[in-house]
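For this chain, numbers begin at 1 and follow the sequence in order.
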Amino acid sequence: ALGLAVAMALACDYTNVFVTAPAVENVQTLFEFILRGLHSMKYAEHVDYEILRATDASMNGAVLRINVFRTHRQSVQYIEPRDAVSAGALAPGVAAGTRLTALAQAELLVIDEAAAIPLPLVHAMLGPYLVFLCSTVSGYEGTGRSLSLKLFNELRRSSAKPLPQLPSQHSRQQQRHERSVDPPPPPQQQRAGGARVFREVSMQQSVRYADGDPVERWLND
């Protein structure tokens, strides 16, 4: 679902999309579904887009970036969490002492397996752009709960328009939570403190095992 959402964002003219995760291997399924979404919209490789893969043999040709050029230049690229928040070179026209991060031009940021990224890094990556936070919350992949217990609670409290949790149909792995953090509204619409809109989607049905699976129940209970 997350990859298809990114493909739709490209169709809606989002230009600079970044995806991050603890490792590039974590986002290969995401890239796969971005490509499936593009194919479903009749995008053709080499005509409408190109795929850039890792050349390091140890990375097994992992997808690092998709450049789209059907109507104008767009891109979806992987960035490591620490690189996403590190200060870059001073850009022309920017006040002295101001350093731009790699996300300075981002319009959409997707943070996958967010619970496995140190909380300060996740917090630092939130900026004036649309953010999708996605994380497993059960099983071995969901052992890092500081994300949901701290960051999500903070976002709920500060949200300008809290919305009820919405059900979804399927997850691509174990039970997952996806979070959408919209950019702050225009100043005239903001509360004091510049609140953001926080929306939650919880996925309950697994694709790995049937509901009520006794082994899964034993493992988690």
Open item on the list: Going by the rule side-chain contact (heavy atoms from CB on, under 4.5 Å), which residues pair with Arg36 if we only count those two or more places apart in sequence or in a different chain?
Closed with: Glu32, Phe33

- [ ] Using the test side chain to side chain donor-acceptor pair (under 3.5 Å), find all partners of Glu80 that sit at least two apart in sequence or belong to another chain.
- [x] none

Open item on the list: When you group the ILVMFWY residues by side-chain heavy-atom contacts below 4.5 Å and let the links chain together, are Met41 and Leu108 in the same group?
Closed with: yes

Open item on the list: Please check this pair: side chain of Gln28 against backbone of Val63, looking for a donor-acceptor N/O pair closer than 3.5 Å.
Closed with: yes

Task: For Tyr49, all residues meeting side chain to side chain donor-acceptor pair (under 3.5 Å), sequence neighbours excluded - done: His39

Open item on the list: Set out, in order, the CA-CA distance, both residues' side-chain angles and the distance that settles side-chain contact (heavy atoms from CB on, under 4.5 Å) for Ile51 and Glu45, then state yes or no.
Closed with: CA-CA 8 Å; Ile51 304 171; Glu45 187 177 358; 3.8 Å; yes

TODO: Could you list the residues that satisfy side-chain contact (heavy atoms from CB on, under 4.5 Å) with Ala5, not counting sequence neighbours?
DONE: Phe132

Task: Minimum side-chain heavy-atom gap Glu200-Phe198 below 4.5 Å - done: yes

- [ ] Please list all pairs passing the side chain to side chain donor-acceptor pair (under 3.5 Å) test where one or both residues lie in residues 8-18, with sequence neighbours left out.
- [x] none

Task: Minimum heavy-atom distance Ala114-Leu133, with the two atoms named - done: CB-CD2, 4.3 Å

Open item on the list: Quick check for you: to the nearest 0.5 Å, what is the distance between Leu35 atom CG and Ser40 atom OG?
Closed with: 11.0 Å

TODO: With sequence neighbours excluded, tell me which residues meet side-chain contact (heavy atoms from CB on, under 4.5 Å) with Ala124.
DONE: Val85

- [ ] State the CG-CD1 distance between Leu4 and Ile34, to the nearest 0.5 angstrom.
- [x] 9.0 Å

TODO: Kindly write out the residues that satisfy salt bridge (Lys or Arg N to Asp or Glu O under 4.0 Å) with Arg70, not counting sequence neighbours, or none if the list is empty.
DONE: Asp48

- [ ] Taking all non-hydrogen atoms of both residues into account, name the closest pair between Asp112 and Pro22 and its distance.
- [x] O-CD, 3.7 Å

Task: side-chain contact (heavy atoms from CB on, under 4.5 Å) involving Asn67 - partner list, sequence neighbours excluded - done: Glu50, Leu52, Arg65, Ser75

TODO: For the pair Thr20 (side chain) and Ile111 (backbone), establish whether a donor and an acceptor sit closer than 3.5 Å, ignoring hydrogens and angles.
DONE: no

- [ ] Examine Val27 and Met59 and state if one hydrophobic cluster contains both, with Ile, Leu, Val, Met, Phe, Trp and Tyr joined whenever side-chain heavy atoms are less than 4.5 Å apart.
- [x] yes

- [ ] Please name all residues satisfying side chain to side chain donor-acceptor pair (under 3.5 Å) with Asn60, sequence neighbours left out, ordered by chain then number.
- [x] none

- [ ] Drop me the distance from Leu121's CG to Leu126's CG, to the nearest 0.5 angstrom.
- [x] 11.0 Å

Open item on the list: Measuring only between side-chain heavy atoms, which start at C-beta, is Phe18 closer than 4.5 Å to Leu103?
Closed with: yes

Task: Contacts of type side chain to side chain donor-acceptor pair (under 3.5 Å), residue Thr71, not counting sequence neighbours - done: none

Open item on the list: For a 4.5 angstrom cut-off between non-hydrogen side-chain atoms, does Leu130 reach Glu107?
Closed with: no

Task: CG-CD distance between Leu119 and Glu154, expressed to the nearest 0.5 angstrom - done: 8.0 Å

Task: Side-chain touch Val76/Val6, heavy atoms, less than 4.5 angstrom - done: yes

TODO: Please say whether more than 12 non-hydrogen atoms of neighbouring residues, nucleotides or ligands are located less than 6.0 Å from NE2 in His46.
DONE: no

Open item on the list: Go through it in stages, so that I can follow the logic: the residues are Ile66 and Val68, the test is side-chain contact (heavy atoms from CB on, under 4.5 Å), and I'd like the CA-CA distance, side-chain angles, deciding distance and then a yes or no.
Closed with: CA-CA 6 Å; Ile66 300 172; Val68 180; 4.1 Å; yes

Open item on the list: Within the structure provided, determine whether Val131 and Met125 are in side-chain contact (heavy-atom separation under 4.5 Å).
Closed with: no

Open item on the list: Is there a side-chain contact between Val19 and Ile79 in this structure, where contact means two heavy atoms from C-beta onward sitting under 4.5 Å apart?
Closed with: no

TODO: Mind listing the closest non-hydrogen atom pair of Leu64 and Phe31 along with its distance?
DONE: O-CZ, 3.8 Å

